[in-house]
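Input: a single structure, listed below in structure tokens.
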2 protein chains.
Amino acid sequence: MEHYKVGAIAEKVGVNVETLRYYEKIKIMPKPKRKESRYRFYDELDLRRLLFIKRAKELGFTLKEIKELLNLKIESTATCGDVKHLAEHKLTDIEERIKDLKNIKNVLIKLINQCVCEELSTDECPILEIIDPKT
Amino acid sequence: MEHYKVGAIAEKVGVNVETLRYYEKIKIMPKPKRKESRYRFYDELDLRRLLFIKRAKELGFTLKEIKELLNLKIESTATCGDVKHLAEHKLTDIEERIKDLKNIKNVLIKLINQCVCEELSTDECPILEIIDPKT
DNA sequence: ATAACATCTGTAGTATAATACGGAGTCAAG
DNA sequence: CTTGACTCCGTATTATACTACAGATGTTAT
């Protein structure tokens, strides 16, 4: 199994070393193993987790929400319903995000295609169509 | 044309009155008209703009990025190429976001379907499949 | 073996995006 | 015509998410 010192994993993912310590403190990353030197050592699973956190943040999730996403797993029949409920809620949220991003995408495509330098309506912002597109 | 005092538009959109003043200060919302009372008055266009800002923020854009999106418009042949370039860049970004959100969506769906309370693999986090799905 | 560099801990500081507060002016209902 | 709600402005404070620093210890390349 591959393993990384804090500086190596930080560089690989493109975050600051201090960020890793911070994530450990707020318990979004687990406490890594230590060598006799007391240095932190991370593995592939940590790497994937960190990559996920980074991307989810870019997608607009807070660290709190990301923590929830990462803790979604079915542990027993007892909690199964709760987890399912939470996951369904997240799913709805994500479907709405996708929908809205697709709207933005369409407006951008229109904007780019208009960009053949035709005459255009004065100073109207095409982006505003996103929220309330002209039918 | 409909018009709103600051409290009215704030409530309609679901933001704080102070937030509107803040957006004005950082120039992401334009300076609204004032009545003799010096009260701010907003119109439908302001409303749409504010709604867009709110949603774009939830989608993970910073206020700086949202400002850029809102300023995307083709003003003259001179800047046409630049705007097109910027818009294309944003488009790529948005397409990647959609792709990643769809991955998360698929994992959540799988998770929800597993939720018929079958026996499940120990304590593996299914969410980690998102970044690097098992082929 | 001795620089140069990485990591350790704890604490302090920063950037972004609000959010709150104080004291004064404005509006609208009874 | 006053009283309570709304708005004004400037400034201060807060929450989130880092980011930097200091001083000590551990590692590595020559």
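As the structure is a prediction and not an experimental result, all values here were calculated from the model. First the proteins, then the strands, lettered A, B, ... as listed; each starts at 1.
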Looking only at atom types and distance, does a side-chain atom of [X] sit under 3.5 Å from a main-chain N or O of [Y], one as donor and one as acceptor?
X	Y	answer
A:Glu96	A:Asp93	no
A:Asp46	A:Asp43	yes
B:Arg97	B:Leu59	yes

Touch class at under 4.0 angstrom, heavy-atom based, for B:Lys64 against every strand present: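 Answer is nothing: B:Lys64 stays at 4.0 Å or more from every strand.
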Touch class at under 4.0 angstrom, heavy-atom based, for A:Tyr23 against every strand present: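 Sugar-phosphate only.
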Whole angstroms only, please: what is the [atom1]-[atom2] distance between [X] and [N]?
X	N	atom1	atom2	answer
A:Leu20	C:dC8	CG	P	10 Å
B:Arg21	C:dT19	CZ	C1'	11 Å
B:Glu36	C:dG25	CD	C1'	14 Å
A:Lys5	C:dA6	NZ	P	9 Å
B:Asn16	C:dA20	CG	P	6 Å
A:Glu18	C:dT9	CD	P	11 Å
A:His3	C:dA6	NE2	C1'	15 Å
B:Met29	C:dA18	CE	C1'	16 Å

B:Val6 vs A:Lys57, nearer the 5' end of DNA chain D by closest nucleotide: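 Closest to the 5' end, via its nearest nucleotide, is B:Val6.
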side-chain N/O A:Arg40 vs C:dT9 OP1/OP2, d < 4.0 Å: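 For A:Arg40, the contact criterion (side-chain N or O under 4.0 Å from OP1 or OP2 of C:dT9) is met.
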side-chain N/O A:Ser37 vs C:dC8 OP1/OP2, d < 4.0 Å: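 For A:Ser37, the contact criterion (side-chain N or O under 4.0 Å from OP1 or OP2 of C:dC8) is not met.
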Range on DNA chain D touched by chain A, heavy atoms, distance below 4.0 Å: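 Both ends considered, the range comes out as D:dA17 to D:dT28.
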Pairwise side-chain contact, A:Leu63 with A:Ile53, heavy-atom cut-off 4.5 Å (strictly under):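 A side-chain contact under 4.5 Å exists here.
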Note, A:Leu91 side chain near B:Ile104 side chain (heavy atom, < 4.5 Å):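 The answer is no, as the side chains (C-beta and beyond) never meet within the 4.5 Å cut-off.
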B:Leu63 side-chain proximity, nearest of C:dT9, C:dA20, C:dA17: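 Of C:dT9, C:dA20, C:dA17, C:dA17 is nearest to the side chain of B:Leu63.
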Ion pair B:Arg40/B:Glu24, N-O distance below 4.0 Å: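 Yes, charged N to carboxylate O under 4.0 Å.
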Salt bridge present between B:Glu68 and B:Lys90 (N-O < 4.0 angstrom):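 Salt bridge flag = yes for B:Lys90 with B:Glu68.
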Contact nearer the 5' end of DNA chain C, comparing A:Lys25 with A:Gly7: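 Comparing both residues, the 5'-ward one is A:Gly7.
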